[in-house]
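Take a look at the structure set out below.
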Amino acid sequence: MKKRVHAVAGTLGLTLITTFFVASVLVEVGGDHDAIASVKTLILYGICVLVPSMAITGGSGRSLMGKRRGPRILGKQKRMIAIAAIGLGVLTPCAILLQRLSAENDFGAAFTTLQAIELAGGAVNIVLMSLNLRDGLLLTGRIRRRRSSTTGVA
Ligand code: HEM
């Protein structure tokens, strides 16, 4: 049960952040200012789901870890610290400011800079969360690591 909660919360977090990223890019490329402002408001609501889901992922991951250690678990733990720091320290403030600026129809240099920072931080978190998902599936044996053809080392 705990494992299921962990996997669902982690996958939900990854799905949400990927959706925010894709929606931001698509609306920047093809949307008008009203559409951008709507997406920025929806992202703020989404963050209200993302933050608890990541807290549940971290808490349940810690509890699943118990006394187990090892490079894969340590890697997940370190990545989670970076994910939380980027999420709370960079992405959330960017999302709040971008929503405010877009609601005031201010799409100047500040908006562009914050948008670039948000996309860069979002891309890093998508990679880190995907690696945590992969390592989780490796830990539970749902997927197997492919053997290297040159060294024969797993
Ligand atoms: C974005 C963050 C994370 C995601 C997306 C994620 C995802 C997953 C997934 C999909 C599984 C496999 C569940 C299954 O096969 O039923 C898993 C297992 C696991 N995760 Fe995470 N995880 C994350 C963070 C963490 C953290 C921070 C820890 C703690 C260090 C952690 C510890 C574990 C452990 C120990 C397992 C194996 C459970 C077992 O073998 O019973 N995870 N994770």
Side-chain angles (χ1 to χ4, degrees), residues 1-29 31 36 38-102 111-154:
M1 178 64 182
K2 205 188 290 170
K3 201 159 50 173
R4 163 96 22 125
V5 169
H6 177 71
V8 169
T11 309
L12 174 66
L14 177 57
T15 307
L16 283 170
I17 191 164
T18 307
T19 306
F20 300 165
F21 186 92
V22 173
S24 293
V25 171
L26 289 181
V27 82
E28 277 296 328
V29 171
I36 295 174
S38 302
V39 166
K40 295 300 159 205
T41 301
L42 286 173
I43 288 175
L44 266 198
Y45 287 122
I47 285 177
C48 298
V49 181
L50 177 63
V51 171
S53 85
M54 290 315 291
I56 292 169
T57 305
S60 55
R62 229 190 141 67
S63 153
L64 283 170
M65 178 172 93
K67 291 199 167 67
R68 283 163 66 185
R69 293 295 179 269
R72 238 183 262 294
I73 293 179
L74 198 69
K76 289 188 73 155
Q77 219 175 359
K78 281 186 179 165
R79 281 185 217 119
M80 191 72 205
I81 292 167
I83 291 165
I86 293 170
L88 297 175
V90 179
L91 299 181
T92 304
C94 278
I96 293 168
L97 292 171
L98 286 168
Q99 194 277 334
R100 285 218 186 135
L101 289 170
S102 63
F111 183 91
T112 309
T113 307
L114 286 167
Q115 183 61 86
I117 294 170
E118 190 192 50
L119 288 177
V124 172
N125 265 9
I126 289 170
V127 171
L128 294 175
M129 287 162 80
S130 301
L131 291 172
N132 268 6
L133 185 98
R134 181 206 61 186
D135 278 355
L137 295 173
L138 283 167
L139 279 166
T140 51
R142 284 193 201 271
I143 57 169
R144 282 169 193 274
R145 202 168 184 88
R146 266 194 292 158
R147 283 180 177 278
S148 159
S149 54
T150 49
T151 61
V153 176

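Along the sequence shown, residues are numbered consecutively beginning with 1. One-based numbering, in listed order, for ligands and for the atoms of each.
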Among all the protein's non-hydrogen atoms, which is closest to [atom], and how far away is it?
atom: atom 18 (C) of ligand 1; value: G136 CA, 3.5 Å
atom: atom 41 (O) of ligand 1; value: K3 CD, 3.2 Å
atom: atom 16 (O) of ligand 1; value: R142 NH2, 3.1 Å
atom: atom 40 (O) of ligand 1; value: R68 NH1, 3.3 Å
atom: atom 28 (C) of ligand 1; value: G61 CA, 3.6 Å
atom: atom 30 (C) of ligand 1; value: M65 SD, 3.6 Å
atom: atom 19 (C) of ligand 1; value: K76 NZ, 3.4 Å
atom: atom 36 (C) of ligand 1; value: L139 CD1, 3.8 Å

#### Entry: Steps toward side-chain hydrogen bond (donor to acceptor under 3.5 Å, both in side chains) verdict (K2, S63)
CA-CA 8 Å; K2 205 188 290 170; S63 153; 2.8 Å; yes

#### Entry: CZ (R142) with more than 12 external heavy atoms under 6.0 Å
no

### Query
What do you reckon, is CZ of R62 surrounded by more than 12 foreign heavy atoms closer than 6.0 Å?
no

### Exercise: do K40 and S24 side chains pair donor with acceptor under 3.5 Å
yes

Could you pull out the closest heavy-atom pair between [X] and [Y], with the gap in Å?
X: L88; Y: P93; value: O-CD, 3.3 Å
X: T140; Y: L137; value: OG1-O, 3.4 Å
X: A23; Y: V39; value: CB-CG1, 4.1 Å
X: T57; Y: S53; value: OG1-O, 2.7 Å

### Task
Using a 4.0 Å heavy-atom threshold (strictly under), name the region of R79 that reaches ligand 1: side chain, backbone, both or neither.
neither

Atom indices of ligand 1, in the order listed, that fall short of 4.0 Å to a heavy atom of [X]:
X: M80; answer: 2 (C), 27 (C)
X: G10; answer: 5 (C)
X: M54; answer: 1 (C)

#### Entry: Rounded distance (nearest 0.5 Å) linking atom CG of N132 with atom CD1 of I83
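Nearest 0.5 Å value for the CG-CD1 distance: 4.5 Å.
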
### Task
Measuring from atom 21 (Fe) of ligand 1, name the closest N, O or S atom belonging to H6.
NE2

### Query
Between the side chain of S102 and the main-chain N/O of Q99, is any donor-acceptor distance below 3.5 Å?
yes

### Message
Counting only nitrogen or oxygen atoms and a 3.5 angstrom limit, does T140 reach ligand 1?
### Response
yes

### Task
Mark the output for L14 as yes if a heavy-atom distance to ligand 1 is under 4.0 Å, and as no if none is.
no

